[in-house]
> 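Questions regarding the structure given below will be posed in turn.
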2 protein chains.
Amino acid sequence: MNNFELCPRFEKAVSILSQRWTALIIYQLTSGPQRFCTMTEKLGVSGKTLTERLKELEQRGFVVRDVYPETPVRIEYSLTDKGMSLTPIMKEIEKWSSKWIALDSTDAK
Amino acid sequence: MNNFELCPRFEKAVSILSQRWTALIIYQLTSGPQRFCTMTEKLGVSGKTLTERLKELEQRGFVVRDVYPETPVRIEYSLTDKGMSLTPIMKEIEKWSSKWIALDSTDAK
DNA sequence: TAAGTAACTTACTTTATGTAACTAACTTTA
DNA sequence: TAAAGTTAGTTACATAAAGTAAGTTACTTA
């Protein structure tokens, strides 16, 4: 018998972080504020999906959107404290990947 | 200018871990070997998707499948060393979620 | 006036996931 | 011996999520 039950907070955290692109967007933003077009280029995410994810992340308080009314307009996305608080998780994933992920074809996907 | 580039190992790790259900399946297995039906019940994942994920995880070397030819047959899935090596990441997510995830409606999804 | 630019949005296609019924292989019950 | 139960799947079909590529808005520069 196994009485282990999933912690609802953990489950929720995973449901947020494991949405496609979310973790990469946050990781990307740890290097500093970024523009929309930069993110689509560097991540390879479609504009449509990036729009959706950034809106969700803004609503959840991970990201802020700043408008600079220059010409052409510059809009920058950056991490809030809550967004930054994910850094230790990113670091662990980085650490793990450098030890366990091979880049040759045997493990490719 | 921003010259930050995504680390390909990190990207790959994230692409594995952020596939829907994968992190929860691994987390669930950290509590010990589990059967197919137990996992569908506890996680709420469909049988079809669980089959797919377990096959992927087996191929990638995170999980092993053991058959006990009892009656009715018992099949148990458990983590390999590689699967277990993800524990520190899970712990970080757990730690983060206990601090930053609220369970009330304001943060609901 | 035409073309350029950034940040989206929209219509449509493809892929991923869910649902629920079905199968295989074996055992127990009536 | 035929019917029903059990686990671990599989299959066909439906819905949801993500990608693609063209279009939109609001400005500016050539």
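FYI, side chains are in, hydrogens and waters are out, and symmetry mates aren't considered; it's all heavy atoms of this structure. To find a chain, count down the sequence lines: A is the first, B the second, and so on, and within it residues start at 1.
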> Heavy atoms from C-beta onward define the side chain here; which of D/dG9, D/dA18, C/dA7 lies closest to that of A/Trp21?
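Output: D/dA18.
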> Can you name the one residue among B/Ile26, B/Leu29, B/Ile16 that meets side chain to side chain contact (heavy atoms under 4.5 Å, CB included) with B/Leu86?
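Of B/Ile26, B/Leu29, B/Ile16, side chain to side chain contact (heavy atoms under 4.5 Å, CB included) with B/Leu86 is met by B/Ile26 alone.
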> Between atom CG in B/Leu50 and atom P in C/dA16, what is the gap in whole Å?
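Value for this atom pair: 18 Å.
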> NA contact type, B/Tyr68, heavy-atom cut-off 4.0 Å: base, sugar-phosphate, or nothing?
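No contact.
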> What residues form a salt bridge (charged side-chain N to carboxylate O under 4.0 Å, His left out) with A/Glu76, not counting sequence neighbours?
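With neighbours one apart ignored, the set is A/Arg74.
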> Closest to the B/Arg35 side chain: D/dG19, D/dT7, C/dC8?
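In terms of side-chain proximity for B/Arg35, the closest of D/dG19, D/dT7, C/dC8 is D/dT7.
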> Measure the distance from CD1 on B/Ile75 to P on C/dA25 and round it to the nearest whole Å.
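Interatomic distance, CD1 of B/Ile75 to P of C/dA25: 13 Å.
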> Check nucleotides 20-28 of chain D against the protein and report each pair of N or O atoms closer than 3.5 Å, with its distance, or say if there are none.
none

> Rounded to whole angstroms, how far apart are CD on A/Glu52 and C1' on C/dT9?
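Those two atoms, CD and C1', are 11 Å apart.
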> Assign each of A/Arg20 and A/Cys37 to its nearest nucleotide of DNA chain C by heavy atoms, then name whichever residue's nucleotide is nearer the 5' end.
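The residue mapped nearer the 5' terminus is A/Cys37.
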> Can you tell me if the side-chain N/O atoms of A/Lys55 get under 4.0 Å from OP1 or OP2 in C/dA7?
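No, no such contact exists.
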> Does A/Tyr77 have a side-chain nitrogen or oxygen under 4.0 Å from the phosphate oxygens OP1 or OP2 of C/dC8?
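Checking C/dC8 against A/Tyr77, a side-chain N or O does come within under 4.0 Å of OP1 or OP2.
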> Grab the CZ-C1' distance between B/Arg53 and C/dG18 for me, whole Å please.
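The distance from CZ of B/Arg53 to C1' of C/dG18 comes to 12 Å, rounded to the nearest Å.
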> List in chain and number order the residues that pass ring pair (Phe, Tyr, Trp, His ring centres under 6.0 Å) with B/Phe36, two or more places apart in sequence or in another chain; answer none if no residue qualifies.
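With neighbours one apart ignored, the set is empty.
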> Keeping to residues at least two apart or across chains, list the salt bridge (charged side-chain N to carboxylate O under 4.0 Å, His left out) pairs with something in residues 87-97 of chain A.
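Those involving residues 87-97 of chain A are A/Lys91-A/Glu94, A/Glu92-A/Lys95.
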> So, is A/Arg74 close to the C/dT5 phosphate, meaning a side-chain N or O under 4.0 Å from OP1 or OP2?
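A/Arg74 to C/dT5 OP1/OP2: no side-chain N or O under 4.0 Å.
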> Would one find a side-chain N or O of B/Arg65 under 4.0 angstrom from OP1 or OP2 of D/dG9?
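Looking at the OP1 and OP2 atoms of D/dG9, one of them is under 4.0 Å from a side-chain N or O of B/Arg65.
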> In chain order, what residues pass the side-chain contact (heavy atoms from CB on, under 4.5 Å) check against A/Thr80, with sequence neighbours excluded?
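A/Val64, A/Lys82.
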> Assign each of B/Val45 and A/Phe36 to its nearest nucleotide of DNA chain C by heavy atoms, then name whichever residue's nucleotide is nearer the 5' end.
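Upstream on the strand: A/Phe36.
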> Just how far, in rounded Å, is C1' of D/dA18 from CD of B/Gln19?
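Nearest whole value for this atom pair: 14 Å.
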> With A/Arg53, which residues qualify under salt bridge (charged side-chain N to carboxylate O under 4.0 Å, His left out), at least two apart?
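If we apply the salt bridge (charged side-chain N to carboxylate O under 4.0 Å, His left out) test to A/Arg53, skipping adjacent residues, the hits are A/Glu56.
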> What is the distance from CG of A/Leu24 to P of D/dA18, rounded to the nearest Å?
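It works out to 13 Å between those atoms.
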> In this structure, how many angstroms lie between the C1' atom of C/dT17 and the CG atom of B/Leu43, rounded?
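Going from CG in B/Leu43 over to C1' in C/dT17 covers 15 Å.
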> Let me know the distance between CG of B/Leu54 and C1' of C/dT17, rounded to the nearest Å.
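Rounded to the whole Å, the gap is 15 Å.
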> Any luck finding a side-chain donor-acceptor pair between B/Thr49 and B/Trp21 under 3.5 Å?
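Their side chains do not contain a donor-acceptor pair, so the 3.5 Å distance test is not met.
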